[in-house]
Amino acid sequence: MEKGTSFLFAGVHFNKKKFSTDFSRFQKKKENDELVENLSLNENRESDESEEEEKDEEKVRVKKRKRKAVGSGPSESVEGFSVFKSSKSVEATVKEENEKTEKKLSQEKKKFYQQQERDALFRKEHNIHVAGNTVPSPLTDFEELSSRYGCKAKLLRNLADLGIKQPTPIQRQAIPILLSGRECFACAPTGSGKTLAFVCPMLMKLKPASKDGVGAVILCPTRELASQTIRECKKFAEGSKFCIKLMTKQLIRKADLSKFSCDILVSTPLRLKLAIRKKKLNLSRQVMIFNV
């Protein structure tokens, strides 16, 4: 201020102390004007520099594109990647899998219903009446025991030796039910083969030569029927190691039934009750009970 404006005050006395506020105001204004000019100059320089840098980057990109186009050639095609295509392909695969599972289920249902229709016609033909849910299919012949349930050849051979070629109606339906582990209440006239209907699955499920109590119990209402049942059982089990015994009075009196063991026990209800109460017959093993 003193150097730049000295010519205005030549020969004039200026009291700086008196006009100090005015003097400082003019000095601040000049400094602000200089700062604004400096800032505008800096901004112009920075904008010019940024424009030059952008132009240089564009030139470099154009050069790179030209090099790629020359190197790839006209015959090669560039493969792209899109997220949307991959999501569509995933949805398509999921739909295909769902359709396959639905087709399988529908085919299984069709097979199930067709099998039920065949079973119903077969039961009607052989005069078999059943009640219950999902009843197993009846047997067409005894050879089906080996194919469906893995029956041993000894049992089938014994049946052939006894002259039993085709199963009776109660045998056709009762044997598959008992082999599937279900309870069965069957009713048929005398001489229809009820004994074989429960003895056959019993012999197929039991393990021979067991020493852990009783494997299966056959209850008969009379002693005559019990003796007849044990004879039939021994015929069907011929050639195997099954231990089949009849509960008699002598056995209850003399034997220590706490250590008694056999595969199949044939008895009447009262004798079995006495054996359990007095002689402590062991029936803790998983016992199959058949009431004739």
Side-chain angles (χ1 to χ4, degrees), residues 111-210 215-220 225-246 262-266 286-292:
K111 289 180 180 178
F112 177 72
Y113 290 131
Q114 288 173 359
Q115 185 63 40
Q116 278 191 336
E117 289 177 0
R118 287 195 293 269
D119 294 343
L121 292 171
F122 187 81
R123 290 187 185 111
K124 188 176 181 181
E125 182 183 353
H126 293 277
N127 197 19
I128 300 170
H129 304 280
V130 295
N133 297 322
T134 62
V135 180
S137 301
L139 294 175
T140 55
D141 51 17
F142 284 116
E143 292 179 359
E144 201 172 344
L145 287 173
S146 59
S147 61
R148 281 174 61 181
Y149 302 103
C151 180
K152 293 182 180 179
K154 285 183 180 179
L155 182 57
L156 296 176
R157 199 181 302 119
N158 290 336
L159 294 176
D161 293 338
L162 292 170
I164 302 171
K165 296 180 180 179
Q166 288 295 328
T168 60
I170 191 169
Q171 293 167 1
R172 292 180 190 275
Q173 190 61 74
I175 290 173
I177 292 172
L178 292 172
L179 287 174
S180 62
R182 297 176 62 174
E183 294 182 357
C184 178
F185 179 79
C187 182
T190 55
S192 58
K194 292 190 294 295
T195 306
L196 180 61
F198 64 82
V199 171
C200 181
M202 185 192 304
L203 295 174
M204 288 175 65
K205 284 198 167 189
L206 281 176
K207 294 180 180 179
S210 63
V217 177
I218 301 173
L219 290 176
C220 301
L225 188 57
S227 60
Q228 181 184 345
T229 303
I230 198 167
R231 285 197 302 269
E232 295 294 324
C233 288
K234 287 180 179 179
K235 286 179 184 178
F236 298 141
E238 189 177 357
S240 61
K241 297 179 181 179
F242 287 109
C243 179
I244 304 170
K245 290 185 179 181
L246 178 65
C262 68
D263 296 311
I264 300 171
L265 178 65
V266 183
Q286 290 182 353
V287 181
M288 293 183 287
I289 299 174
F290 299 90
N291 190 2
V292 179

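- The shortest non-hydrogen separation linking Gln171 to Ser192 is NE2-O, 4.3 Å.
- Closest approach of Lys194 to Ala188, counting heavy atoms only: NZ-O, 3.3 Å.
- In this structure, Asp263 contributes its side chain and Cys243 its backbone to a donor-acceptor pair below 3.5 Å.
- In terms of modelled atom types and a separation under 3.5 Å, the side chain of Glu232 and the main chain of Thr229 share no donor-acceptor contact.
- Remark: Lys154 NZ is loosely packed, at most 12 non-hydrogen atoms of other residues, nucleotides or ligands lying under 6.0 Å away.
- Counting non-hydrogen atoms of other residues, nucleotides and ligands closer than 6.0 Å to CD of Glu143 gives a total of 12 or fewer.
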Practice task
Check the pair Thr134, Arg182 against side-chain contact (heavy atoms from CB on, under 4.5 Å), reporting the backbone distance first and the verdict last.
Solution key: CA-CA 11 Å; Thr134 62; Arg182 297 176 62 174; 3.7 Å; yes
Handout entry: Check against side-chain hydrogen bond (donor to acceptor under 3.5 Å, both in side chains), Gln115 and Arg118
Key = CA-CA 5 Å; Gln115 185 63 40; Arg118 287 195 293 269; 2.7 Å; yes
Exercise for the section: Go through the steps for Tyr149 and Ile175 under the test side-chain contact (heavy atoms from CB on, under 4.5 Å), then give the verdict. Expected result: CA-CA 10 Å; Tyr149 302 103; Ile175 290 173; 5.8 Å; no
Exercise for the section: Mind running side-chain contact (heavy atoms from CB on, under 4.5 Å) on Val130 and Arg123 for me, showing each step along the way? Expected result: CA-CA 9 Å; Val130 295; Arg123 290 187 185 111; 3.9 Å; yes
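- Contact detail for Ser137 and Asp119: the closest heavy-atom pair is OG-OD2, 2.6 Å.
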Exercise for the section: Would you sort out whether Gln166 and Asp141 count as a side-chain contact (heavy atoms from CB on, under 4.5 Å), showing the intermediate values? Expected result: CA-CA 6 Å; Gln166 288 295 328; Asp141 51 17; 3.9 Å; yes
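- Arg172 places a side-chain N or O within 3.5 Å of a backbone atom of Thr140 that can act as its donor or acceptor partner.
- A pairwise comparison of heavy atoms in Ile128 and Pro169 identifies CD1-O, 3.6 Å as the closest pair.
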